[in-house]
Amino acid sequence: MSTSTAPIDAGFFARDTRDVARDLIGVTLRRGDVAGVIVETEAYRDDPASHWVTRPRTARCMGETFARLYVYRIYGVHLCLNVTTERGRPGAVLIRALAPADGLDVMRARRPGRRDRELAGGPARLVVALGLDASWNGRRFDDGLVWTTPRAKPSVARGPHIGISRATELPWRFMDVASPHVSRGGAPRRARPQAARGSA
DNA sequence: TGGCCGATATGCT
DNA sequence: GCATATCGGCCAA
C-alpha cells in the first residue's frame, strides 16, 4: 500500500523553520529499500541552543543554505540528521524519530537485538537505521534520499525542545500525536503538547 | 595546548 | 532514575 504521493521539492525548505518542522511530520523518508515516516522533529534557528550559535563553524550551512543535509556528531559516538531551512536566515530541522515503514529486515540487520520500536525512534537511531554516516553532511536533501508528502496530514502536537539545557522553553518540537515511535516516551511531561496549527 | 561540554543511548541501581 | 562512554568543537589561558 502507498501512503505517500508527491515528492518534496527544495522550495519546501525555503520557509520558516517551524513551518517546515511541522510539515515534515508524516513525510516518508526513503533511502533505497529502507523507509520510515517522520513522526518527530525539532526546529532550530538562532536561539541559544542552536548550533548556529554554539557551533558556528560546523553549522555554517544553517545560515548559508536551505535543503541541504546537516549531519553532526554528538557525544563522540552518535550522529544526528538535520535539513537546513530558510533563505537568507539561519535554520535547520532535526529529524528526531521515524516510524519504520519499509525494509524492516534491513533495519534490524543494522541494529541487531533491538525491538522494532527502537529501530528508528531517536535522532541517532534513525541515522543508523537508514545507513547514513558523516559523509552525508552537506549533500543536497534529495541526493540519495526521497521525501514524499503524506496523502493525509497527521495530527501534529508541539512541545518544548528536549535533550538540551538552553532555550528549553521554546515549543519548537513537533510530533505525530498518534505515533508510538516518538522518542522519550511520547508527549513531554512538564509542558503538555498543544495543537500546532499555525506557527508562532 | 588543555579542559570542558554536548540537539544521545545504554546499562546498572 | 542516574552515571558514563567517547570525541570533535570551542573557549580560556
Side-chain angles (χ1 to χ4, degrees), chain A residues 13 16-22 24-25 29 36 38-66 68-86 89-100 107-138 141 156-176 180-191 193 196:
Chain A
F13 298 98
D16 185 296
T17 305
R18 294 157 295 189
D19 292 337
V20 175
R22 182 198 60 207
L24 278 175
I25 302 299
L29 179 55
I38 298 173
V39 293
E40 187 179 356
T41 61
E42 268 179 13
Y44 288 90
R45 296 213 297 185
D46 57 358
D47 50 280
S50 171
H51 282 187
W52 173 250
V53 174
T54 63
R55 304 173 68 171
R57 192 176 74 191
T58 38
R60 208 170 89 237
C61 58
M62 285 181 68
E64 297 184 344
T65 69
F66 61 89
R68 316 274 315 195
L69 303 183
Y70 168 41
V71 179
Y72 67 89
R73 183 180 299 276
I74 189 64
Y75 295 114
V77 270
H78 307 294
L79 293 173
C80 294
L81 173 67
N82 301 248
V83 191
T84 61
T85 58
E86 312 219 21
R89 282 186 166 278
V93 173
L94 168 69
I95 312 298
R96 287 200 59 92
L98 299 180
M107 291 191 188
R108 294 191 191 101
R110 287 170 174 158
R111 296 184 52 79
R114 302 292 164 212
R115 301 162 51 134
D116 283 1
R117 176 175 296 188
E118 300 171 311
L119 286 179
R125 289 171 177 169
L126 68 90
V127 169
V128 175
L130 291 174
L132 308 181
D133 57 55
S135 73
W136 287 69
N137 185 42
F141 80 105
V156 178
R158 74 188 319 173
H161 278 176
I162 60 178
I164 59 176
S165 55
R166 305 194 65 80
T168 55
E169 76 284 359
L170 295 177
W172 290 0
R173 173 186 178 219
F174 299 87
M175 52 206 282
D176 182 342
H181 293 278
V182 297
S183 58
R184 291 284 256 272
R189 298 170 178 234
R190 301 212 286 263

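To find a chain, count down the sequence lines: A is the first, B the second, and so on, and within it residues start at 1.
Here A/A49 lies in heavy-atom contact (under 4.0 Å) with a base. Within the nucleic acid shown, A/R166 has no heavy atom closer than 4.0 Å to any nucleic acid atom.
Checked by atom type and distance alone, the side chain of A/N137 pairs as donor or acceptor with a backbone atom of A/V71 at under 3.5 Å. For A/R125 (side chain) and A/L119 (main-chain N/O), no donor-acceptor pair under 3.5 Å exists by modelled atom type. Of the possible donor and acceptor atoms, one in the side chain of A/S50 sits under 3.5 Å from a partner among the backbone N and O of A/R45. Between the A/R55 side chain and the A/T58 main chain, no donor and acceptor come within less than 3.5 Å of each other.
Rounded to an integer number of Å, the gap from CD of A/E118 to P of B/dT8 is 17 Å. Computed from coordinates, the A/R115 CZ to B/dG11 P distance equals 14 Å when rounded to whole Å. What separates CZ of A/F174 from C1' of B/dA7 is a distance of 15 Å, to the nearest Å. Atom CZ of A/R55 is separated from atom P of C/dC11 by 12 Å (rounded to the nearest Å). With rounding to whole Å, A/M62 atom CE is found 10 Å from B/dA7 atom C1'. Here C/dT4 presents its C1' atom at 11 Å from NE2 of A/H78, a figure rounded to the nearest Å. Here the P atom of nucleotide C/dC10 and the CZ atom of A/R60 are 11 Å apart, to the nearest Å. Spacing between atom CZ of A/R18 and atom C1' of B/dA7 amounts to 18 Å, rounded to whole angstrom units.
Residue A/T54 has no polar side-chain atom (N or O) positioned under 4.0 Å from OP1 or OP2 of C/dC11. Distances shorter than 4.0 Å separate none of the side-chain N or O atoms of A/R73 from OP1 or OP2 on C/dG9.
For the pair A/E118 and A/R111, the salt-bridge criterion is not met [side-chain N within less than 4.0 Å of a carboxylate O].
With C/dC10, B/dA7, B/dA9 as the candidates, the nucleotide lying closest to the side chain of A/A124 is B/dA9. Checked against B/dG11, B/dT8, C/dC10, the side chain of A/R114 finds its nearest nucleotide in B/dG11. For A/Y44, the side-chain atoms get nearest to B/dA7 when compared with the rest of B/dA9, B/dA7, C/dC10.
Remark: the A/H161 side chain and the B/dA7 base include no donor-acceptor N/O pair separated by less than 3.5 Å. Under 3.5 Å, the side chain of A/Y75 and the base of B/dA9 form no donor-acceptor pair of N or O atoms.
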Extract from the structure each pairing of a protein N or O with an N or O of nucleotides 1-5 of chain B at less than 3.5 Å, listing the distance.
none

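Applying the Watson-Crick and G-U wobble criteria (two distances, each under 3.5 Å), C/dT6 pairs with nothing in any strand. Pair assignment for B/dA7: none, as no Watson-Crick or G-U wobble contacts are both less than 3.5 Å.
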Check step by step if side chain to side chain contact (heavy atoms under 4.5 Å, CB included) holds for A/F174 and A/R18.
CA-CA 9 Å; A/F174 299 87; A/R18 294 157 295 189; 4.3 Å; yes

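In this structure, A/L79 CG and A/W136 CH2 are separated by 12.5 Å, a value rounded to the nearest 0.5 Å. Rounded to the nearest 0.5 angstrom, A/R166 CZ and A/D47 CG are separated by 10.5 Å.
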